Amino acid sequence: MVQVVIIIGGGFAGMALSIVLKKRGISSAIYELGDESFTSGGNIALAPNALRVLDHADVFEKIERMGFNYENIAFTSADGSLLGYFLNGSQSKYNFAAIRIHRTIVRDGLRAQVKDYGIPISYNTKCLAIASEPAPSGEVTAVFQHGERVTADFIIGADGIRSTVRSHVAPDSAAPSYSGMVGIMGHVSSGELHGLARTLELPAMLFGDTGSFAIMRSSYDGTEVGYFASLELDSRERDDWAAKDKEKQGLRKILADRFLPPHHYPE
């Protein structure tokens, strides 16, 4: 089977690329390692450069009112004293504000557009290797776990930090390694905020003696409020990370020990 473009990876980048190619008359097919039913929690902040791509992919207008639109992030000390602002988006300067939104909403919008354009996407399909075809064809072949070989004029890697495509193009590139930092996030309703958190100008990033802590609205009406922090944790095996992710009370305790009194952060 021959395609013009093979895209390895069906995340945001792979799907957006396939849509833009289709609009320019270039056919492609997406091959994704994960299952179609896979969803990941958490929110994402999209700045104007990302929203412009989604606009070119005909997705922006469908999701614009499904996340919280904002322009500035307030930087404060841990006690709420304003330090300054960070411009994350601007309708007047960039034609787009920034949006804080559920990742699943963006993924579903892209998936719907891929389907509408008739772009084939194969799930549960692991790319094992890339093979360059002999000259003068100039073609390249993707070899998949179940034995299928697909040849195309181009293969584009959108397959994340453990990219098979990158290992073919740059075999000497460094393997991914754990940085020692993790992100912990969660969300509450705006009615659950109290104390300093109720008076902060949101979105806000607070800086104190134990690090930084972010509080950002994540629904269009602002009633859902997300929070997150990056902090150090020892390395562990993948299964241990998965188990840690399910220990919600344990994760809350990590944040509480880091940011609640005697440290001066919102409770």
Side-chain angles (χ1 to χ4, degrees), residues 1-40 42 44 46 49-60 62-63 103-179 235 237-239 241-242:
M1 181 169 61
V2 177
Q3 291 283 346
V4 175
V5 177
I6 294 170
I7 300 172
I8 307 298
F12 290 4
M15 288 191 288
L17 173 62
S18 71
I19 295 166
V20 173
L21 289 174
K22 181 72 173 183
K23 292 177 68 175
R24 284 154 178 76
I26 301 171
S27 65
S28 67
I30 303 170
Y31 295 86
E32 164 59 31
L33 173 62
D35 191 81
E36 185 175 6
S37 63
F38 171 78
T39 59
S40 62
I44 186 171
L46 299 175
N49 53 349
L51 296 176
R52 190 170 292 109
V53 172
L54 291 177
D55 192 37
H56 289 318
D58 300 327
V59 173
F60 170 71
K62 299 176 182 178
I63 68 168
R103 292 175 182 269
T104 301
I105 292 174
V106 182
R107 183 181 294 107
D108 288 348
L110 286 164
R111 281 179 176 174
Q113 202 65 24
V114 165
K115 183 177 180 180
D116 287 349
Y117 274 117
I119 300 167
I121 179 167
S122 301
Y123 293 96
N124 303 301
T125 306
K126 183 177 182 179
C127 179
L128 296 179
I130 307 296
S132 299
E133 297 300 318
S137 75
E139 294 176 332
V140 62
T141 296
V143 182
F144 296 99
Q145 189 174 32
H146 46 64
E148 183 181 6
R149 298 173 65 92
V150 183
T151 300
D153 294 320
F154 299 94
I155 292 180
I156 298 175
D159 47 341
I161 62 171
R162 295 177 177 84
S163 171
T164 299
V165 179
R166 182 176 60 245
S167 65
H168 173 78
V169 175
D172 296 327
S173 59
S177 60
Y178 178 52
S179 68
S235 180
E237 298 298 323
R238 181 174 292 190
D239 289 345
W241 281 122

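Quick caveat, the model's predicted, so the values are computed rather than measured.
- The shortest side-chain heavy-atom distance between Ile19 and Val114 falls under the 4.5 Å cut-off.
- The backbone N or O of Glu36 lies less than 3.5 Å from a partner atom in the side chain of Arg111, making a donor-acceptor pair.
- Here Ile63 contributes atom CD1 and Asp108 contributes atom CG; the two are 10.5 Å apart, rounded to the nearest 0.5 Å.
- Taking CD of Gln145 as the reference point, atom SG of Cys127 lies at 10.5 Å (rounded to 0.5 Å).
- Every residue meeting the salt bridge (charged side-chain N to carboxylate O under 4.0 Å, His left out) condition with Lys23, not counting sequence neighbours, appears here in chain and number order: Asp58.
- Within the 4.5 Å cutoff, no side-chain heavy atoms of Gln113 are placed close to those of Met15.
- No side-chain heavy atom of Lys22 sits less than 4.5 Å from a side-chain heavy atom of Ser28.
- Using a 4.5 Å cut-off on side-chain heavy atoms (C-beta onward), Val5 and Leu21 make contact.
- Arg166 places no side-chain N or O within donor-acceptor distance of the main-chain N or O of Asp159, the cut-off being under 3.5 Å.
- Note that CZ of Phe144 is 4.0 Å distant from CD1 of Ile8, once rounded to the nearest 0.5 Å.
- Between the CG atom in Leu110 and the CD1 atom in Ile121 there is a gap of 10.0 Å [rounded to 0.5 Å].
- Contact between Ser235 and Trp241 at its shortest, heavy atoms only, is CA-CZ2, 4.3 Å.
- Checking side-chain atoms of Thr125 against main-chain N and O of Tyr123 turns up a donor-acceptor pair under 3.5 Å.
- Summarising the geometry, atom OG belonging to Ser27 is positioned 8.5 Å from atom CG belonging to Asp153; distances are rounded to the nearest 0.5 Å.
- The backbone N or O of Asp239 sits nowhere less than 3.5 Å from a side-chain atom of Glu237 that would complete a donor-acceptor pair.
- Here the CD1 atom belonging to Ile156 is positioned 4.5 Å from the CG atom belonging to Leu17, to the nearest 0.5 angstrom.
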